[in-house]
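Okay, structure first, notes after.
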Protein chains: 2
Amino acid sequence: MIQLAKELGLSVSTVSKALGDSHEISASTKKRVLELAKKYKYKPNPFASNLRKKKGKQIAVIIPDIVNNFFALAVDGIESVTMSKHYDTFIYLTHENLEREKAVLEHLENGLISGLIISVSTGREGYSHFQDFYETTKLPLVFFDRVPDLLQFPKVITNNYESSYEATARLIKAGSKRPVLVTTTEPMYTSVERRRGFQDALEKNGIGFSDEMIIHCTDDMDLNYSIMRKIFSQKKRPDGIFASIEKYAITSYQVCKDLKLVIPKDVRVIGMTNLRTAALLNPSLSTLAQPAFDMGKEAAGLLIKMIEKKSYAAANEIIVLPNELTIRDSI
Amino acid sequence: MIQLAKELGLSVSTVSKALGDSHEISASTKKRVLELAKKYKYKPNPFASNLRKKKGKQIAVIIPDIVNNFFALAVDGIESVTMSKHYDTFIYLTHENLEREKAVLEHLENGLISGLIISVSTGREGYSHFQDFYETTKLPLVFFDRVPDLLQFPKVITNNYESSYEATARLIKAGSKRPVLVTTTEPMYTSVERRRGFQDALEKNGIGFSDEMIIHCTDDMDLNYSIMRKIFSQKKRPDGIFASIEKYAITSYQVCKDLKLVIPKDVRVIGMTNLRTAALLNPSLSTLAQPAFDMGKEAAGLLIKMIEKKSYAAANEIIVLPNELTIRDSI
DNA sequence: TGCTTTTACGAAAACGTTATAGCAGCAATT
DNA sequence: AATTGCTGCTATAACGTTTTCGTAAAAGCA
C-alpha cells in the first residue's frame with residue numbers, strides 16, 4: 001500500500017480509504033487507486049486488516065464427521081454461500097468426541113473467526129461450552145440439525161417430529177404390525193423428536209408402544225450388528241424398521257440379508273439417510289432424506305447476516321426445513 | 001499480554017518470549033507466566049502474531065467436491081493431522097470449475113495461509129495458475145490424487161497404472177471378452193494412468209484394444225446414463241466394466257438393471273470407488289478402493305514438514321500409496 | 001463580502017504481537 | 001585484574017492495515 005501511495009502521490013490513508021470505497025474519497029482518485037492496485041495485483045493483508053478491524057471474513061464449521069453424506073452435503077451448502085460472500089471457511093471434525101469439540105471451541109476463542117456454524121457431537125452431558133464460548137467471544141453462532149435444544153441460539157433444523165410420524169405411519173400402512181425405531185444410545189435433540197414422532201404414529205394407529213420397540217445402537221458398527229441380529233433372530237421379531245440414522249439403515253440391510261429375512265415381505269425398512277446409492281440397494285431403500293445442502297445454505301446465510309448486521313445479533317431465529325420421504329421397494 | 005506483564009512485574013517482551021518457550025527466559029519465570037496465562041485463559045491473537053511473523057498456522061485444502069466419499073475421506077485424513085499439529089484448515093470447493101479454482105488461488109495470494117493442498121479439477125487446459133501461485137507466494141503446495149503431471153511439485157498419488165492393470169486382468173480372468181473402461185471426457189493424469197493399465201492388461205491377455213473400449217462419460221449423470229445405455233443396448237455389447245470413477249459405477253448398475261443384464265453373468269463390474277455401501281449393492285460391487293484417508297494424511301504431513309522445515313522446501317517428493325482391490329459378487 | 005459548511009485529503013495513532021538490539025549482573029577465563 | 005562470555009531481562013521498532021482527528025480549499029449562504 002505504501003508503494004501504491006508513493007506512486008500515486010497520495011497518502012497511505014487515502015489509498016486505504018479509496019480501496020475501502022470510502023465516501024471521503026473523490027471518484028477520480030478512487031479510480032486511479034483501483035487501477036494501479038489491479039495492475040500490481042495488490043491484495044490487502046488480511047492479518048493486518050483483521051487485527052486493526054478486530055474482525056475478519058473467516059468463519060468456522062464444526063461437525064462430527066465429514067464421511068457422511070449428510071454432513072458433506074451440508075458443508076457443500078455452507079461453502080456455496082461463504083464462497084459467494086467472499087468468506088473463508090475453516091473446518092473442524094469432532095468425530096463425536098465431546099472433548100475434541102470443547103478443545104476446538106476453546107481454541108477458537110483466540111479470535112480467529114467472526115462466526116461459527118455447529119452441529120453438535122452426540123451426548124448431552126452438557127452444552128455449557130457453547131454458552132461459555134458465546135459469553136467470552138460474543139461471536140454469532142448458528143446450530144444446524146443436531147442442536148442443543150436447551151440453549152437460545154439460532155438454529156436450522158428439519159421437521160423431525162412430523163416426518164418421523166409420517167414415515168412410521170407409512171411403515172404401518174405397508175403392513176408392519178411391530179415396527180421398531182433404530183436410534184442412538186446417546187440422546188440428542190434430533191433423536192428425541194424422531195422418537196416422539198415414531199411413538200405418536202404408533203399410538204394414533206392403534207399399535208401400543210413398548211420400550212422394546214426402540215433399538216439403541218452405538219457408534220460401533222460390529223456391536224450394532226450383533227444387537228440387531230439378536231433382536232431379529234427372536235420368534236416375535238419386528239417386521240418394520242425405521243432407521244433414524246444413515247448407518248443403521250445399512251446395518252439393517254446386512255442383518256436381514258444374513259438372516260434371510262426378505263425386504264419388504266418380512267421386514268419393511270425406511271432409512272433416514274441421504275445415501276445416493278439408496279435406489280441401488282437390494283431392494284431399493286425407501287428414505288427420509290434431510291435437505292442437507294439447503295440446511296447448510298440457510299445456516300451460512302443466517303450466520304453472515306448476523307455477522308454483518310449488528311441488528312441481527314439478537315436473533316434466536318429457528319429455521320425449519322422439511323425432510324423428504326421417498327418410497328421405494330423396501331416397503 | 002500487557003495485562004499479564006503488568007501483573008507479573010515483567011515486560012511485554014519477556015511475557016511473549018516466555019509463552020514462546022524461548023531459551024532466553026528462565027524456567028521459573030516461564031512457569032509464572034504460563035500459570036497466569038492459563039488462569040486468565042489468555043490466548044495470543046493470531047492476527048497480530050501472523051502479521052508480525054509473516055506466517056501462520058493456517059492451511060487450505062482445495063478440492064473439486066466434498067460430496068464424494070473419496071474426497072470426504074481425504075479431508076478427514078488431512079484434518080486428522082492438521083488438528084494434531086494445531087493447524088487450522090480452510091476448505092474450498094471448485095466443483096470441477098477451472099475458473100473457480102483460479103479464483104480461489106488468486107484470493108489466497110493475499111497471504112492468508114502458509115500452505116496448500118490441492119486435488120485439481122478436471123480439465124487440462126492449463127496448470128499455469130499453480131505455477132503462478134507458487135511464483136508469487138513461494139508457499140509450499142502439495143497435490144494429491146489428481147495431480148498436474150507436468151509440474152514439479154510434491155505429490156501423493158496411488159499406483160493407478162498397476163492397480164488398473166490388475167483390475168482389468170481380473171475382469172478378463174472372470175470371463176470378460178470385451179471389457180470397457182468408463183472414464184471421463186476430460187483427460188486427467190489419473191485417468192491417463194488408469195487407461196494405460198487397462199490397455200496394457202488387454203494386450204497382455206491377448207485381447208486387442210480398440211477405441212470403442214473406452215466409454216467417455218461426463219459430469220452430467222443423465223447424459224452418462226443415456227451414453228451407456230446406448231452402448232449396452234447394442235448386439236455386440238461389452239461384457240465387462242471397469243468404472244474408473246465412483247459415480248460411473250453407479251450408472252453402470254442402473255443401466256444393467258434397466259436393460260435386464262445380469263451382473264456378473266452378462267456383465268462383470270469393478271468400480272473404482274470408496275462407497276461404503278458397495279457390499280450392499282445388488283450384487284455386491286467389487287471395488288478398487290483408493291486409500292483416501294491415508295492420502296490425506298500423507299499430503300498434510302508432507303505439507304506441514306515443508307512449512308516448518310525450510311530445508312524441505314525444495315522437495316518434489318512423490319508418495320505412492322497402493323489401491324486396494326476387493327473382489328465381491330459383481331465379477 | 002464574510003461566514004459556515006462541505007469535500008477531499010493527510011498525519012498519526014492504534015491493533016497485539018515478535019524480533020532485534022542492548023544492557024545489567026555474574027561467572028569463567030586469562 | 002582485566003577481559004570475555006553467559007544468562008535473563010527490557011526497550012523499542014517493526015508487521016500492514018484502518019480510523020480518528022485535523023485542515024486546507026472549495027462551495028454554499030446571507
Side-chain angles (χ1 to χ4, degrees), chain A residues 1-34 36-37 40-58 86 88 107-114 136-138 308 310, chain B residues 1-34 36-37 40-58 86 88 107-114 136-138 308 310:
Chain A
M1 234 175 68
I2 294 173
Q3 167 79 1
L4 289 182
K6 252 186 204 147
E7 206 146 326
L8 290 164
L10 291 171
S11 77
V12 186
S13 16
T14 307
V15 173
S16 171
K17 284 174 187 168
L19 292 169
D21 199 30
S22 160
H23 64 274
E24 290 182 30
I25 307 299
S26 73
S28 61
T29 21
K30 271 182 194 169
K31 205 176 142 195
R32 285 206 306 142
V33 173
L34 266 310
L36 200 67
Y40 284 158
K41 292 190 179 186
Y42 164 80
K43 311 243 164 32
N45 179 315
F47 300 132
S49 168
N50 290 352
L51 174 59
R52 180 60 231 240
K53 294 200 295 190
K54 286 178 170 261
K55 70 167 175 170
K57 285 200 149 203
Q58 288 78 37
H86 304 290
D88 303 293
H107 167 65
L108 291 177
E109 285 181 359
N110 65 6
L112 188 60
I113 53 161
S114 299
T136 66
T137 65
K138 294 289 175 195
E308 295 183 351
K310 289 249 157 137
Chain B
M1 234 175 67
I2 295 174
Q3 166 80 359
L4 288 182
K6 249 184 205 151
E7 205 146 327
L8 290 163
L10 292 170
S11 77
V12 184
S13 14
T14 307
V15 174
S16 170
K17 283 176 186 168
L19 292 170
D21 199 29
S22 160
H23 63 274
E24 290 181 31
I25 308 299
S26 74
S28 62
T29 19
K30 271 182 195 170
K31 204 175 144 196
R32 285 207 305 141
V33 173
L34 266 309
L36 200 67
Y40 284 159
K41 292 192 178 183
Y42 164 80
K43 310 244 162 33
N45 178 315
F47 299 132
S49 169
N50 290 351
L51 174 60
R52 179 60 230 237
K53 294 200 295 190
K54 287 178 170 258
K55 70 167 174 171
K57 286 199 147 204
Q58 289 78 38
H86 303 289
D88 303 292
H107 167 64
L108 291 176
E109 285 181 359
N110 65 5
L112 189 61
I113 53 162
S114 299
T136 65
T137 65
K138 295 289 175 197
E308 295 184 350
K310 289 247 156 136

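Residue numbering restarts at 1 for every chain, and letters A, B, ... go by the order of the sequence lines.
- Per the geometry, CZ belonging to B:Phe47 stands 14 Å off P belonging to C:dT18, to the nearest Å.
- If you take NZ of B:Lys43 and C1' of C:dT17, they are 17 Å apart, rounded to a whole angstrom.
- Here the closest heavy-atom approach between residue A:Ala5 and residue A:Val12 is recorded as CB-N, 3.8 Å.
- At whole-Å resolution of the value, CG in A:Leu51 and P in C:dT18 are 12 Å apart.
- B:Lys57 and B:Asn50 get closest at one heavy-atom pair: N-OD1, 4.4 Å.
- Atom pair A:Asn45:CG and C:dC15:C1' shows a separation of 13 Å (rounding to whole Å applied).
- B:Gly56 comes within 4.0 angstrom of no nucleic acid atom, judged by non-hydrogen atoms across all strands.
- In this structure, the CD1 atom of B:Ile2 is 14 Å from the P atom of D:dT12, given to the nearest Å.
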task = Report the C-alpha distance between A:Tyr40 and A:Glu7 in whole Å, list the side-chain angles of each, state the deciding distance to 0.1 Å, and finish with yes or no for side-chain hydrogen bond (donor to acceptor under 3.5 Å, both in side chains).
result = CA-CA 11 Å; A:Tyr40 284 158; A:Glu7 206 146 326; 2.4 Å; yes

query = Hey, mind stepping through B:Gln58 and A:Asp88 against side-chain hydrogen bond (donor to acceptor under 3.5 Å, both in side chains) and telling me if it holds?
reply = CA-CA 11 Å; B:Gln58 289 78 38; A:Asp88 303 293; over 6 Å; no

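- Across all strands shown, A:Leu10 has heavy atoms under 4.0 Å from sugar-phosphate atoms exclusively, and none from any base.
- Regarding A:Asn50, its CG atom lies at a distance of 12 Å from the C1' atom of D:dT18, rounded to whole Å.
- The stretch residues 14-34 of chain B comes close to DNA chain C through B:Ser16, B:Lys17, each having a heavy atom under 4.0 Å from the strand.
- Considering only residues two or more places apart in sequence or on other chains, B:Thr137 meets the side-chain hydrogen bond (donor to acceptor under 3.5 Å, both in side chains) condition with none of them.
- The base of C:dA11 has none of its N or O atoms less than 3.5 Å from a complementary donor or acceptor on the side chain of A:Ser11.
- A donor and an acceptor atom sit less than 3.5 Å apart, one in the side chain of A:Arg52 and one in the base of D:dT18.
- Distances were taken from every side-chain heavy atom of A:Lys54 (C-beta onward) to each of D:dG16, D:dT19, C:dC15; the shortest belongs to C:dC15.
- Counting to the nearest Å, the C1' atom of D:dT17 and the CG atom of B:Asn110 are 13 Å from each other.
- For the pair B:Met1 CE and D:dT10 C1', the interatomic distance rounds to 12 Å; values are reported in whole Å.
- Taking each heavy atom of B:Pro46 and A:Leu112 in turn, the nearest pair found is CG-CD1, 3.8 Å.
- The side-chain hydrogen bond (donor to acceptor under 3.5 Å, both in side chains) search around A:Lys30 returns A:Asp21, not counting sequence neighbours.
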